[in-house]
Enquirer: 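The structure that follows is given in the form of structure tokens.
Being a predicted model, the structure only gives us computed values, none of them experimental.
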Amino acid sequence: MTGGMAELLIQSHTDVIRLLPALPAEWPDGSYHGLRARGGLSFDVAWSAGALTAATVTADHAGAFTISGPTSRAISVRLEAGETRDLTSELGG
């Protein structure tokens, strides 16, 4: 996947990791697995009709992170190294 395409699906160049920040209308349904974000995080995300339906994060390193979905407020998440957490309900999926 090219960097430009990845930026449509996840952005992590600020203090907030944004999931599906610029999803094209031509991609109403889809998913991705293992897309990386700054801070050593890996995301698995799915959407339908342009709305988030599933989001899971796995941390390489312990830390506190701020994550937002396409239409949700940002949430603060503290993760331990190797921890995987389902964020679907917290991000409005």
Enquirer: Would a distance-only check, ignoring hydrogens and angles, find a side-chain to backbone donor-acceptor pair under 3.5 Å from Tyr32 to Leu9?
Expert: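 Side chain of Tyr32 to backbone of Leu9: a pair is present.
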Enquirer: Take Thr66 and Ile17 through the test side-chain contact (heavy atoms from CB on, under 4.5 Å) and record every step on the way to the result.
Expert: CA-CA 6 Å; Thr66 304; Ile17 298 165; over 6 Å; no
Enquirer: So if you build clusters from Ile, Leu, Val, Met, Phe, Trp, Tyr with side-chain heavy-atom gaps below 4.5 Å, do Leu19 and Val16 land together?
Expert: no
Enquirer: Testing the basics here: between Leu20 and Pro70, what is the closest heavy-atom pair and its distance to 0.1 Å?
Expert: O-CB, 3.6 Å
Enquirer: What closest approach, in Å, do Gly34 and Ser42 show between heavy atoms, and which atom pair accounts for it?
Expert: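 The answer is CA-OG, 3.3 Å.
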Enquirer: Taking only residues two or more places apart in sequence, or in another chain, which ones meet Glu26 in a side-chain contact (heavy atoms from CB on, under 4.5 Å)?
Expert: Pro24
Enquirer: Residues two or more places apart in sequence or in another chain: which of them pass salt bridge (charged side-chain N to carboxylate O under 4.0 Å, His left out) with Asp60?
Expert: Arg36
Enquirer: Show your reasoning for whether side-chain contact (heavy atoms from CB on, under 4.5 Å) applies to Phe65 and Val57.
Expert: CA-CA 11 Å; Phe65 307 95; Val57 60; over 6 Å; no
Enquirer: Which heavy atom in Arg85 sits nearest to a heavy atom in Val77, and how many Å separate them?
Expert: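 Closest heavy-atom pair between Arg85 and Val77: NH1-CG1, 3.3 Å.
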Enquirer: Taking all atoms of both residues into account, what is the closest heavy-atom pair of Ala74 and Ser68, and its distance?
Expert: CA-CB, 3.9 Å
Enquirer: Please enumerate all residues that pass side-chain contact (heavy atoms from CB on, under 4.5 Å) together with Pro21, with sequence neighbours excluded.
Expert: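 Counting only residues at least two positions away or on another chain, Pro21 forms a side-chain contact (heavy atoms from CB on, under 4.5 Å) with Gln11, Arg18.
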Enquirer: Using modelled atom types only, decide if a donor and an acceptor are shared between the side chain of Thr53 and the backbone of Ala46 within a distance under 3.5 Å.
Expert: yes
Enquirer: Under the rule for side chain to side chain donor-acceptor pair (under 3.5 Å), what residues qualify as partners of Arg78, not counting sequence neighbours?
Expert: none
Enquirer: Determine the minimum heavy-atom distance between Ala49 and Asp29, stating which atoms define it.
Expert: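 Residues Ala49 and Asp29, closest heavy atoms: N-OD1, 2.7 Å.
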Enquirer: Applying side-chain contact (heavy atoms from CB on, under 4.5 Å), name anything that partners Thr84, two or more places apart in sequence or on another chain.
Expert: Thr56, Thr58
Enquirer: Check Arg73 against Ile75 and note the closest heavy-atom contact, atom names and distance.
Expert: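 Result for this residue pair: NH1-CG2, 3.2 Å.
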Enquirer: Taking Trp47 for its side chain and Ala54 for its backbone only, find out whether a donor-acceptor pair lies under 3.5 Å.
Expert: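 No; judged by distance alone, with no hydrogens or angles, the pair does not exist.
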Enquirer: Apply side-chain contact (heavy atoms from CB on, under 4.5 Å) to residues Leu52 and Val45 and explain how you reach the verdict.
Expert: CA-CA 8 Å; Leu52 182 80; Val45 172; 3.6 Å; yes
Enquirer: Output all residues satisfying side-chain contact (heavy atoms from CB on, under 4.5 Å) with Ala51, sequence neighbours left out; order by chain, then residue number.
Expert: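 Checked Ala51 against side-chain contact (heavy atoms from CB on, under 4.5 Å); zero matches.
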Enquirer: Just verifying a value: how many Å separate His33 NE2 and Leu35 CG, rounded to the nearest 0.5 Å?
Expert: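 Reported to 0.5 Å precision, the distance equals 11.0 Å.
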